[in-house]
Amino acid sequence: MSVRATEIRDILRSQIQDFDASMRMTNVGNVIEVGDGIATVYGLSDVRANELVEFQTGSMGMAFNLQEDSVGVIILGEYVDIEEGHEVRTTGQIAAVPVGSALVGRVVNALGEPIDGKGPINAESTRPVERIAPGVIERRNVDTPLQTGVIAVDAMIPIGRGQRELIIGDRQTGKTAVAVDSIINQRGHDVICIYVAVGQRRAQVAQLVATLEANGAMDHTIVVAATASDPAPMQFIAPYAGCAMGEEIMENGGHALIVYDDLSKHAWAYRQVSLLMRRPPGREAYPGDVFYLHSRLLERAAQLSDDRGGGSLTALPIIETQANDVSAYIPTNVISITDGQMFLESDLFYAGVRPALNVGISVSRVGGDAQIRAMRQVAGQLRLDLAQFRSLEAFAQFGTEDLDAATRRQLERGSRMTEMLKQPQFQPFPVENQVAALFAASNGFVDDIAVENIQDFRTAFLEYMESSHRNLLGQIVEAGRIDDDLDAALRKAVEEFKSTYSPAA
């Protein structure tokens, strides 16, 4: 086979013309120590904080400690193959995660990679995991309700879009249940939900995803999971990754709700990473900047001004206490950052009051601004009345013979209101149903109903309103308030129902 000289000439000419002589500078270093998800690297002189670096094994890391003669890198993923002397290169990219509508309905890890077996995610853009929170001028007041569907919360500790409301309590007191109910209640609304699981068992996360799917909530939810089996660096970065996904929605004029479950384990992961990096330990061995760890995360939740598109990111951080001690280090830190807290008490939970809301310690610093006027009308004194009832109930345990008639009436009304506020899990109520039920209770229509029949009365009453007086429920939503005509119509509807009501056997 003969080779023609013209062919060789054409090939050489095309190679010369297409030759790219541009140079690419890469910062290269070497691993001098590695272990427990942490690597100490020498030689990365131009690396930036939070910049991604690549190990020769293909694993990625993030520059965490910038020291005078070395760089502390947290390894994002597997680290067992990385050895001393391995080469490390900078990428020039700050740690980022994929964002956008492609992630909705998916379960991802802290790097935004799918872990649900449903194939790759074709995200259109990425966003840095760390970002400065919106400034004061870019925000506006929190004044739009975010309905959780939980009567006790929406009536007494209302949450508004852009608010940060802490859910705090001992383990197994229903903290996650309140957050999941809030996610389920956004079904059919314009709110995208993000659930960030930090340090939980994989089986627990799988069970939660199955619950969301069963209730039709995964269609508007992103689950970010950094489980107990994941390295501490992944648990540390997960809340920031979830927040970046929520910010993408907020800055495009949408509304998002993010749940951090929970920030106690997040603080533990950060403590582990910091101690491995030999940062000086402080109180309870946490590093000195543990307050900044959570403040820079939660401050990113906001209600943006109309000039910025009017989007919102609402945060529901969860903190686990030990023996109901809300004055511990991490709980007090997060309480001081947030706009209120829901304290779920174990004694109430074991007594069958669920959600086990302690109304004396729980508070929303947004208050009535995050409620429709109709709810304020029927629940205005509810929180104070229930707090007084709890204190009276404690005294009444010693005997009710010496109590005056007014105190007895207050105790009876309080016990009925407590029953009215109990709610089954994963069954959120629309706000108009909540208002109707509280209207009947606050106006004395249930005072002659036996305490054990209150929940049956509420269920039957709401079914009656849905079937026979749907127009009245619609007026509550449309008008947003109960005027004299609507008040009279609601009273008549309750009286009509009571005339035919008989408790279920």
Side-chain angles (χ1 to χ4, degrees), residues 48-50 94-97 99-100 125-148 153 157-168 182 186 190-194 196 237-260 263 266-267 270 287-319 330-342 362-372 376:
R48 295 177 292 170
N50 292 340
I94 300 298
V97 290
V99 294
S125 58
T126 61
R127 185 179 281 270
V129 295
E130 292 270 14
R131 189 168 171 277
I132 296 174
V136 176
I137 305 303
E138 297 172 304
R139 301 171 182 250
R140 68 176 172 87
N141 288 343
V142 176
D143 54 9
T144 306
L146 186 135
Q147 306 293 349
T148 66
V153 174
I157 305 107
I159 299 172
R161 291 185 177 180
Q163 189 176 345
R164 299 149 302 173
E165 182 77 12
L166 173 64
I167 304 174
I168 185 169
S182 303
Q186 306 314 312
D190 59 345
V191 179
I192 299 297
C193 302
I194 302 146
V196 182
I237 205 173
Y240 300 100
C243 190
M245 297 171 191
E247 282 178 327
E248 175 73 10
I249 298 163
M250 173 180 71
E251 296 192 357
N252 284 312
H255 303 283
L257 167 67
I258 186 164
V259 176
Y260 303 110
L263 292 188
H266 182 231
Y270 182 62
D289 63 342
V290 73
F291 180 90
Y292 181 56
L293 169 77
H294 289 149
S295 66
R296 74 177 189 263
L297 171 69
L298 294 171
E299 280 295 309
R300 290 162 71 177
Q303 168 70 65
L304 294 181
S305 64
D306 293 335
D307 294 339
R308 289 288 309 277
S312 70
L313 176 61
T314 309
L316 294 180
I318 295 175
I319 287 286
I330 300 301
T332 49
N333 274 357
V334 181
I335 285 172
S336 66
I337 298 165
T338 50
D339 304 317
Q341 68 275 346
M342 289 180 252
S362 302
V363 66
S364 171
R365 297 191 182 100
V366 174
D369 289 349
Q371 283 179 316
I372 62 171
R376 290 202 300 273

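Not measured: the values here are computed from a predicted model.
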Flag, side chain of [X] to backbone of [Y], donor-acceptor distance under 3.5 Å:
X      : Y      : result
Gln341 : Ser362 : no
Gln371 : Gly160 : no
Arg131 : Tyr240 : no
Thr144 : Arg161 : no
Asp339 : Arg164 : yes

With rounding to the nearest 0.5 Å, note down the distance linking [atom1] in [X] to [atom2] in [Y].
X      : Y      : atom1 : atom2 : result
Asp190 : Ile249 : CG    : CD1   : 11.0 Å
Ile167 : Tyr260 : CD1   : OH    : 13.0 Å
Leu166 : Met342 : CG    : CE    : 8.5 Å

[Y] and [X], any side-chain heavy atoms less than 4.5 Å apart:
X      : Y      : result
Pro317 : His266 : no
Val259 : Ile318 : yes
Ile319 : Ile330 : yes

Result of checking Thr314, Leu316, Ile159 against Ser182 for side chain to side chain contact (heavy atoms under 4.5 Å, CB included) |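 The side chain to side chain contact (heavy atoms under 4.5 Å, CB included) with Ser182 is passed solely by Leu316 among Thr314, Leu316, Ile159.
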Qualifying residue, where the test is side chain to side chain contact (heavy atoms under 4.5 Å, CB included) with Arg308 and the options are Arg140, Glu138, Met250, Gln303 =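 Exactly one option meets the side chain to side chain contact (heavy atoms under 4.5 Å, CB included) with Arg308, and it is Glu138.
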For the residue pair [X] and [Y], what are the closest heavy atoms and their distance?
X      : Y      : answer
Ser364 : Ile157 : CB-CG2, 3.6 Å
His255 : Ser312 : ND1-OG, 2.8 Å
Ala244 : Val97  : CB-CG2, 4.0 Å
Leu293 : Ala267 : CD2-CA, 4.1 Å
Pro158 : Ala370 : CB-O, 3.8 Å
Ala49  : Ile94  : O-CD1, 3.6 Å

May I ask you to decide whether Asp289 forms a salt bridge with Arg296, counting only side-chain N to carboxylate O separations under 4.0 Å?
->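 Answer for the salt bridge query: no.
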Would you say Asn141 has more than 12 foreign heavy atoms packed within less than 6.0 Å of its CG?
->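 Counting neighbours around CG of Asn141, 12 or fewer heavy atoms of other residues, nucleotides or ligands fall under 6.0 Å, so no.
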Within the 6.0 Å centroid threshold, strictly below: His294 and Tyr270 |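 Not under 6.0 Å, so no.
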